[in-house]
J.: 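Pasting a structure here, questions to come.
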Amino acid sequence: MRRSRTALFVLVLALAVAACGGTASLKGAVRNPPLEVGTLSLPGPDGREVTMKAEPGGLLLVYFGYTSCPDVCPTTMADISEALTELHPDQAEKVTVAMVTVDPERDTLERLDDYLGHFFSRRLPLRTEDFDRLSAVTAAFGVQWEIEEHEPGDQAYDVAHTALTYVVDDTGTVRVEWPFGFSSEDMAADLAALLEEPRA
Amino acid sequence: MKRTSCRRRLAIASVLVVTLAACGGGSGGLEVTEAWARTSPAMAEAGAAYMQITNGGGADDALVGVSVDPAVARSAEIHETVMAEADDEATHGSDMGGGMMEMRAVDRLEIPAGETVSLEPGGYHIMLLDLASPLEEGSTVELTLTFENAGELVVTAEVRATGP
Ligand SMILES: [Cu+2]
């Protein structure tokens, strides 16, 4: 049921895109016109401001989630990690995974980095306590999040969030989006297709 | 006359034994397969376990509780990941991406007669709260499932990075 809904979502977006051209062989959803996120930034490791752009010739995967999420987030992280092992090591080396926490109360940058480190060596934890800043970034991506109401000090709350993964290139363009449950095989195929694109 | 009745009683008794034996591994015709729990990052407080529950019996049943050894986690709960309703006041960001996912606790998970219910990533799961230590690949976690009719069933979940 869930799988077929995801498949339908991808199919509808894919059809919308097929009509408009773009990279024909991508398996995830491609938006037209594409989302441009290269002007957005968030605080990363060592107080560094991180722009939503991949390194030259690379890809930046951006996911919004939180470390106390035991089902959805680790499932996606494990699927991405699996996809990276399916790529040629030279290609996998060009992929960095960024996770923006939607739970800055519990997630410190160190905690987020440890969490990502369980899955990836090339990782980028991003965090701000400024909800206006975070909202500006999530709004630009089309991500929603909502922290469950809780008493101060209560550590057992849930955070609802959009569970898509965004694949951003070195110009800050979102090239493809993967819904929750997207297979690691299809992720690997999309990453390889984008990394093998002839470069201008 | 007396002997026949005695033999009949014996026959009934042996049928009962066979029926009970058939229910052995599962309880009351319930069978759990592919039980696994995901490896957890070192700092993670929560984990999740998944499995397939098949009701091979003739009567509906329901999963109504789950417990775990405190040496593994403080508690275990039946959860479901669902698409969340956005709330204008409390929801941040904008929706262009198919909505939010969230978890909710489930009191009762129906396991209809003759059907298999999947506990799988992004759907139903057994949530392990306050892990005593990280779930390491290759280890196992014992979960005690409580069914409304069949009673308790202990399952062993294999800890692995990705599902079977
Ligand atoms: Cu849960």
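Sequence lines set the chain letters: A, B, ... in the order given, protein chains first and strands last, and positions in each chain run from 1. As a basis for the values below, the full set of heavy atoms in this structure was taken, side chains included, without hydrogen atoms, waters or symmetry mates.
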J.: Taking every heavy-atom pair that is under 4.5 Å apart, which of B/R104, B/M103, B/M127 has the most such pairs with chain A?
T.: B/M103
J.: Is it the side chain or the backbone of B/T162 that comes within 4.5 Å of chain A heavy atoms, both, or neither?
T.: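 Only the side chain of B/T162 comes within 4.5 Å of chain A.
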J.: So do A/P74 and B/S40 actually touch side chain to side chain, heavy atoms under 4.5 Å?
T.: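 Side chain of B/S40 against side chain of A/P74, heavy atoms only: no contact under 4.5 Å found.
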J.: So, A/H150 versus A/E105: side-chain donor-acceptor pair below 3.5 Å or not?
T.: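 Yes, A/E105 and A/H150 have a side-chain donor paired with an acceptor closer than 3.5 Å.
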J.: Of the backbone (N, CA, C, O) and the side chain (C-beta and beyond), which part of A/Q144 lies under 4.5 Å from a heavy atom of chain B, both, or neither?
T.: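 For A/Q144, heavy atoms of backbone and side chain both lie under 4.5 Å from chain B.
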J.: Under the ring-ring contact (aromatic ring centres under 6.0 Å, His included) rule, what do B/H79 and B/Y124 come out as? Steps first, then yes or no, please.
T.: CA-CA 6 Å; B/H79 277 201; B/Y124 292 111; over 10 Å; no
J.: Any idea which of A/E146, A/E148, A/E149 has the most non-hydrogen atom pairs under 4.5 angstrom with chain B?
T.: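 That would be A/E146.
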J.: Please classify the contact between A/F64 and chain B as side chain, backbone, both or neither, with a heavy-atom cut-off of under 4.5 Å.
T.: neither
J.: Looking at A/R127 and A/D107, is any side-chain nitrogen of the basic one under 4.0 Å from a carboxylate oxygen of the acidic one?
T.: no
J.: For chain A, find which of B/A46, B/P41, B/G93 contributes the most heavy-atom pairs closer than 4.5 angstrom.
T.: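 Highest number of pairs under 4.5 Å: B/P41.
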J.: Apply side-chain contact (heavy atoms from CB on, under 4.5 Å) to the pair A/T165 and A/F180, showing each step before the final yes or no.
T.: CA-CA 8 Å; A/T165 303; A/F180 175 81; over 6 Å; no
J.: Counting only heavy atoms closer than 4.5 Å, note whether B/A90 contacts chain A via side chain, backbone, both or neither.
T.: both
J.: Measure distances from A/L35 to the heavy atoms of chain B and classify the residue's part below 4.5 Å as side chain, backbone, both or neither.
T.: side chain
J.: Set out, in order, the CA-CA distance, both residues' side-chain angles and the distance that settles ring-ring contact (aromatic ring centres under 6.0 Å, His included) for A/F131 and A/W145, then state yes or no.
T.: CA-CA 11 Å; A/F131 278 4; A/W145 51 285; 5.2 Å; yes
J.: Measuring heavy-atom distances to chain B, does A/A136 have an atom under 4.5 Å in its side chain, in its backbone, in both, or in neither?
T.: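 Answer is neither: A/A136 stays 4.5 Å or more from chain B.
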J.: Below 4.0 angstrom, N of the basic side chain to O of the carboxylate: do A/R175 and A/E177 qualify?
T.: no
J.: Name the region of A/V159, side chain, backbone, both or neither, that has any atom closer than 4.5 Å to a heavy atom of chain B.
T.: backbone
J.: For A/D158, is it the side chain, the backbone, both or neither that has a heavy atom under 4.5 Å from a heavy atom of chain B?
T.: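 Answer is side chain: those atoms of A/D158 sit under 4.5 Å from chain B.
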J.: If we only count heavy atoms from C-beta on, is the B/I78 to B/L63 side-chain gap below 4.5 Å?
T.: yes
